[in-house]
Amino acid sequence: MSKAIQAVRGMNDVLPDSIGHWQHVERIARDLLHAYGYREIRFPLLEKTELYARSIGELTDIVEKEMYTFEDRNGDSLTLRPEGTAGCVRAGIEHGLLHNQQQRLWYLGPMFRHERPQKGRYRQFHQFGVEALGIPGPDVDAELVLLSARWWRALNLDGLTLEINSLGTPSVRAAYRENLVAYFESRRGELDEDSLRRLHRNPMRVLDSKNPAMQDVVSGAPSLADALDNESRAHFDQLLELLAGANVSFVVNPRLVRGLDYYTRTVFEWTTDRLGAQSTVCAGGRYDGLVEQLGGRPTPAAGFAIGLERLIELLAIQGAASQPHQPELFVAVAQPTAQAAALQLAERMRDAGWRVTCHCGGSSLKSQLKQADRSGARLALLLGEDELARGQVQVKDLRGAGEQWSVAAGELDGFLRERLEQR
RNA sequence: GUGAGCGUAGCUCAGUUGGUUAGAGUCCCGGAUUGUGAUUCCGGUUGUCGUGGGUUCGAGUCCCAUCGCUCACCCCA
């Protein structure tokens, strides 16, 4: 035991008993994304480190201390993707998908961040990403929000709150940031330790302070909403109107900031109070400058990402049913001499379209039926020397009182269809 | 990176002020039924008590270190 190798910290196995949730969520998502005209794109888990440094921002926590970065054998610095947007945009530029075109794209896969694991936060985690590229208006922002809202409905998930805000253009943000720092500097004596640390690093986070003693300083701070340029203001107002018109309820949260530098104008988050400290299930926004920053032509863009582990944890808390893929039939053999015939019988049943588990490995009939019961199969097919001699199969109902029928091999298909297809 | 809690069988856990060979349930296997599950009864297998050191006549139990897990801070999906 002590020699057994364990998984890397923060990287989880998904075992067969819980895979049903994953498959359920993935199936619903694929249908939904296709319904909105989004197409899947796949790109590498590994990219040049520079891609993330340039897009996410050199001074963010992700780039400064959370990336899995190493040199390959050529001496190139490579990084395991900490998020999907950068790779998606890089692929789009590289293959000319963004040249005077609109693209609606989605992807699914693992992301990697070297953080201390805790509930809802892992070093390898999975995201669904949805990106709409080449479309400038608030209408596509609204489409993304509507898509996410429909996602929750499709999963029967409730209790999520939509928070939304506008960060304006990069120059508006830079100017606001300076004002904010100046304001807090003027009241420096009232700031707590946390806030002082954030002051120059990430001044907008100071507004998030949970310290009641800070409320007075925070409420007196200049507001980003007041600083917005006219176009951003209009963009945001139109978006809110579109959402209201589509009956999506939201909370404007003027303090909502995103951790990645590339966001412009719209940012939004779907949050829950049921996941401990990690409340964000889905987050995204507009990133009009990113394509150009990564070497493409100026291209407006917006998107969001959903954390799969968090989503699945929520579904589990809500007790959402996940159907495991159980066999319909279980083939058991009474004597080892019938094993070859049993394998052939199982093959014939699969030809007919049934999900079949065939007993292998030679144990008592009693134990085989026990396995048959646990497998979840509705019917057991019994084959022994007697049945072979008479050209019959015993069919036993495992879900009822244990009724059993002797069925001629030639009539088996029809018999099973009748039994299994009722309900 | 910081802090707190927890590590005993595959799983869930009990284990008294330190005292014999470390237990239960579950799971798995066999039997009661020479060919019949889920219920019942009987029997059986399962352990580096996370690891290393210390105290002691004696350590699962006390002390120290270390590793792992969990939760929280920070940050984020």
Side-chain angles (χ1 to χ4, degrees), chain A residues 1-10 12 15 17 56 59-66 81-85 108-130 148 193-195 197-198 201-202 205 208-210 257-260 268-272 275-285 303-314 330 332-338 359 361 363-387 394-404:
Chain A
M1 242 350 238
S2 60
K3 284 180 188 162
I5 295 174
Q6 288 182 284
V8 175
R9 175 197 287 248
N12 299 310
L15 302 179
D17 279 347
I56 296 169
L59 294 179
T60 58
D61 275 17
I62 293 177
V63 171
E64 275 193 340
K65 49 189 195 192
E66 295 175 2
R81 63 186 187 194
E83 59 102 37
T85 301
L108 164 65
M111 308 294 165
F112 303 85
R113 290 183 202 172
H114 191 105
E115 301 177 88
R116 201 66 174 260
Q118 70 187 65
K119 189 178 181 66
R121 189 177 76 185
Y122 310 101
R123 289 187 174 180
Q124 173 174 318
F125 61 101
H126 295 75
Q127 283 187 341
F128 260 108
V130 181
S148 58
E193 197 183 330
D194 253 4
S195 302
R197 187 170 43 74
R198 287 167 174 157
R201 201 183 153 66
N202 201 344
R205 287 266 175 227
D208 278 338
S209 177
K210 293 163 192 159
V257 193
R258 311 263 56 255
L260 291 68
F268 65 92
E269 268 186 21
W270 288 93
T271 59
T272 174
L275 285 183
Q278 311 305 324
S279 58
T280 305
V281 176
C282 168
F304 67 82
I306 292 178
L308 261 283
E309 281 82 358
R310 291 181 187 178
L311 188 59
I312 284 166
E313 177 71 16
L314 266 187
F330 190 102
V333 294
Q335 295 89 15
T337 47
H359 172 75
S363 49
S364 72
L365 186 60
K366 178 190 176 74
S367 126
Q368 291 181 48
L369 281 163
K370 209 179 238 181
Q371 288 172 40
D373 185 52
R374 299 232 169 86
S375 77
R378 297 235 343 244
L379 298 176
L381 304 186
L382 247 85
L383 210 53
E385 287 165 0
D386 293 354
E387 286 75 20
Q394 300 283 332
V395 180
K396 178 163 184 144
D397 181 4
L398 295 168
R399 300 299 141 214
E403 234 181 319
Q404 187 167 322

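In this text the structure is predicted, and so the values were computed from the model without any measurement. Below, chain A is the first sequence line, B the second, and so on; all start at residue 1.
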Novice: Just checking Gly276(A): base, sugar-phosphate only, or nothing, at a heavy-atom cut-off of under 4.0 Å?
Specialist: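 Here Gly276(A) touches the backbone only, sparing every base.
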
Novice: Give the minimum heavy-atom separation between Ala338(A) and Val333(A), together with the two atoms involved.
Specialist: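 It is O-CG1, 3.9 Å.
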
Novice: Considering only the P atoms, how many Å lie between G43(B) and C57(B), rounded to the nearest integer?
Specialist: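 Nearest-Å result for G43(B) against C57(B) at atom P: 42 Å.
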
Novice: Given C28(B), C71(B), C75(B), which nucleotide is nearest the side-chain atoms of Arg374(A)?
Specialist: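 The closest nucleotide is C28(B).
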
Novice: What does Gln335(A) touch in the nucleic acid at a heavy-atom separation under 4.0 angstrom: a base, only the sugar-phosphate, or nothing?
Specialist: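 Base, at least one base heavy atom under 4.0 Å.
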
Novice: Using whole Å, report how far OH of Tyr122(A) lies from C1' of C75(B).
Specialist: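 To the nearest whole Å, that distance equals 16 Å.
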
Novice: Would you give the length of the straight line joining atom CD of Glu115(A) to atom CZ of Arg123(A), rounded to the nearest 0.5 angstrom?
Specialist: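 Rounded to the nearest 0.5 Å, the CD-CZ separation comes to 9.0 Å.
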
Novice: OP1 or OP2 of C76(B) versus the side-chain N and O atoms of Gln278(A): is any pair under 4.0 Å?
Specialist: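 For Gln278(A), the contact criterion (side-chain N or O under 4.0 Å from OP1 or OP2 of C76(B)) is not met.
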
Novice: Looking only at atom P, what distance separates G31(B) and A38(B), rounded to whole Å?
Specialist: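 13 Å, rounded to whole Å.
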
Novice: Salt-bridged, Glu269(A) to Arg258(A), with N to O below 4.0 Å?
Specialist: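 Yes, Glu269(A) and Arg258(A) are salt-bridged.
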
Novice: Is there, by distance only and without an angle test, a donor paired with an acceptor across the side chain of Gln404(A) and the base of G35(B) below 3.5 Å?
Specialist: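 Absent.
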
Novice: So what does Ser367(A) touch, heavy atoms closer than 4.0 Å: a base, only the sugar-phosphate, or nothing?
Specialist: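 Sugar-phosphate, no base atom in range.
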
Novice: Answer yes or no: does a side-chain N or O of Gln118(A) lie under 4.0 Å from OP1 or OP2 of C73(B)?
Specialist: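 Yes, because at least one side-chain N or O of Gln118(A) sits under 4.0 Å from OP1 or OP2 of C73(B).
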
Novice: Using the C1' atoms only, state how far G54(B) lies from A59(B), rounded to an integer number of Å.
Specialist: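 Rounded to whole Å, the distance is 11 Å.
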
Novice: With distance as the sole criterion, do the side chain of Lys396(A) and the base of U36(B) form a donor-acceptor contact below 3.5 Å?
Specialist: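 Under the 3.5 Å cut-off, the side chain and the base do form a donor-acceptor pair.
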
Novice: Pick the P atom in U17(B) and in A24(B), then give their distance to the nearest Å.
Specialist: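 Looking at atom P only, U17(B) and A24(B) are 22 Å apart.
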
Novice: Given Watson-Crick or G-U pairs with both distances under 3.5 Å, what dot-bracket string fits RNA chain B, with | for other-strand pairs and [ ] for crossing?
Specialist: (((((((..((((.....[...)))).(((((.......))))).....(((((..]....))))))))))))....

Novice: Write down the distance separating the P atoms in U20(B) and U26(B), rounded off to the nearest Å.
Specialist: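 My reading of the P atoms in U20(B) and U26(B) gives 26 Å.
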
Novice: Could a donor-acceptor pair under 3.5 angstrom be found where the side chain of Arg9(A) meets the base of C67(B)?
Specialist: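 No pair found.
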
Novice: Using a distance-only criterion (donor-acceptor N/O pair, under 3.5 Å, no hydrogens), is the base of C75(B) paired with the side chain of Arg205(A)?
Specialist: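 No such pair is found, so the answer is no.
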
Novice: Taking any heavy-atom pair under 4.0 Å as a contact, classify Ala283(A): base, sugar-phosphate, or nothing.
Specialist: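 Result for Ala283(A) = sugar-phosphate.
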
Novice: Are a donor atom and an acceptor atom from the side chains of Trp270(A) and Ser148(A) found within less than 3.5 Å of each other?
Specialist: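 Side-chain D/A pair, Trp270(A) to Ser148(A): present.
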
Novice: CD of Gln371(A) versus C1' of C28(B): gap in Å, rounded?
Specialist: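 Taking CD of Gln371(A) and C1' of C28(B), I get 10 Å after rounding.
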
Novice: Let me spell it out: for each of Val8(A) and Ala277(A), pick the nucleotide of RNA chain B with the closest heavy atom. Which residue's pick is nearer the 5' end?
Specialist: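 Whichever sits nearer the 5' end wins; that is Val8(A).
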
Novice: Rounded to whole angstroms, how far apart are CZ on Arg113(A) and P on C74(B)?
Specialist: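 Spelled out: CZ on Arg113(A) to P on C74(B) is 17 Å.
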
Novice: For Asn12(A) and for Glu387(A), find the nucleotide of RNA chain B with the closest heavy atom, then tell me which residue's nucleotide is more 5'.
Specialist: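 Mapping each residue to its closest nucleotide by heavy atoms, the 5'-most match is Glu387(A).
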
Novice: What integer number of Å spans the C1' atoms of U36(B) and G60(B)?
Specialist: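 Here U36(B) and G60(B) have their C1' atoms 45 Å from each other.
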
Novice: For C27(B) and C11(B), measure between their C1' atoms and round to the nearest Å.
Specialist: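 To the nearest whole Å, 8 Å.
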
Novice: Quantified in whole Å, what is the P atom distance between nucleotide C71(B) and nucleotide C13(B)?
Specialist: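 Straight-line distance between the two P atoms is 15 Å.
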
Novice: Need one value for Leu308(A): base, sugar-phosphate or nothing, where a base atom within 4.0 Å counts as base even if backbone is also close, heavy atoms only.
Specialist: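 No contact.
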
Novice: Taking all non-hydrogen atoms of both residues, which atom of Gly109(A) and which atom of Arg81(A) are closest, and how far apart?
Specialist: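 For Gly109(A) versus Arg81(A), the nearest heavy atoms are CA-NH2, 3.4 Å.
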
Novice: In whole Å, what is the span from the CZ atom of Arg123(A) to the P atom of U70(B)?
Specialist: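 Roughly 11 Å, once rounded to whole Å.
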
Novice: Give the rounded distance in Å between these two atoms: CD of Glu115(A) and P of U2(B).
Specialist: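 My rounded result for the distance is 16 Å.
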
Novice: When the distance from CZ of Arg116(A) to C1' of A72(B) is rounded to whole Å, what number comes out?
Specialist: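 Distance, rounded to whole Å: 10 Å.
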
Novice: Output the distance between atom OG1 (Thr60(A)) and atom CG (Leu260(A)), rounded to the nearest 0.5 Å.
Specialist: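 Answer for the OG1-CG pair, Thr60(A) versus Leu260(A), is 6.5 Å.
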
Novice: CD of Glu403(A) versus P of U36(B): gap in Å, rounded?
Specialist: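 In whole Å, U36(B) P and Glu403(A) CD are 19 Å from each other.
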
Novice: C11(B) C1' sits how many Å from Leu15(A) CG, rounded?
Specialist: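 Roughly 12 Å, once rounded to whole Å.
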
Novice: Any salt bridge between Arg121(A) and Glu309(A), counting N to O under 4.0 Å?
Specialist: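 No, this pair does not count.
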
Novice: Taking donor-acceptor contacts at under 3.5 Å, does the side chain of Arg198(A) reach the base of C74(B)?
Specialist: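 Flag unset: no donor-acceptor pair detected.
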
Novice: If you check every side-chain atom of Lys366(A), which of A32(B), C28(B), A72(B) has the closest atom?
Specialist: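 Of the candidates, A32(B) comes closest.
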
Novice: Please determine whether a side-chain nitrogen of the Lys or Arg among Arg399(A) and Asp373(A) lies less than 4.0 Å from a carboxylate oxygen of the Asp or Glu.
Specialist: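 Judged by the 4.0 Å cut-off on N to carboxylate O distance, Arg399(A) and Asp373(A) do form a salt bridge.
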
Novice: Given side-chain contact (heavy atoms from CB on, under 4.5 Å), test Glu403(A) with Lys396(A) step by step and report yes or no.
Specialist: CA-CA 6 Å; Glu403(A) 234 181 319; Lys396(A) 178 163 184 144; over 6 Å; no

Novice: When you measure from the side chain of Gln127(A) to the backbone N and O of Gly129(A), does any donor-acceptor pair fall under 3.5 Å?
Specialist: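 Checking the backbone N and O of Gly129(A) against the side chain of Gln127(A), no donor-acceptor pair under 3.5 Å is found.
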
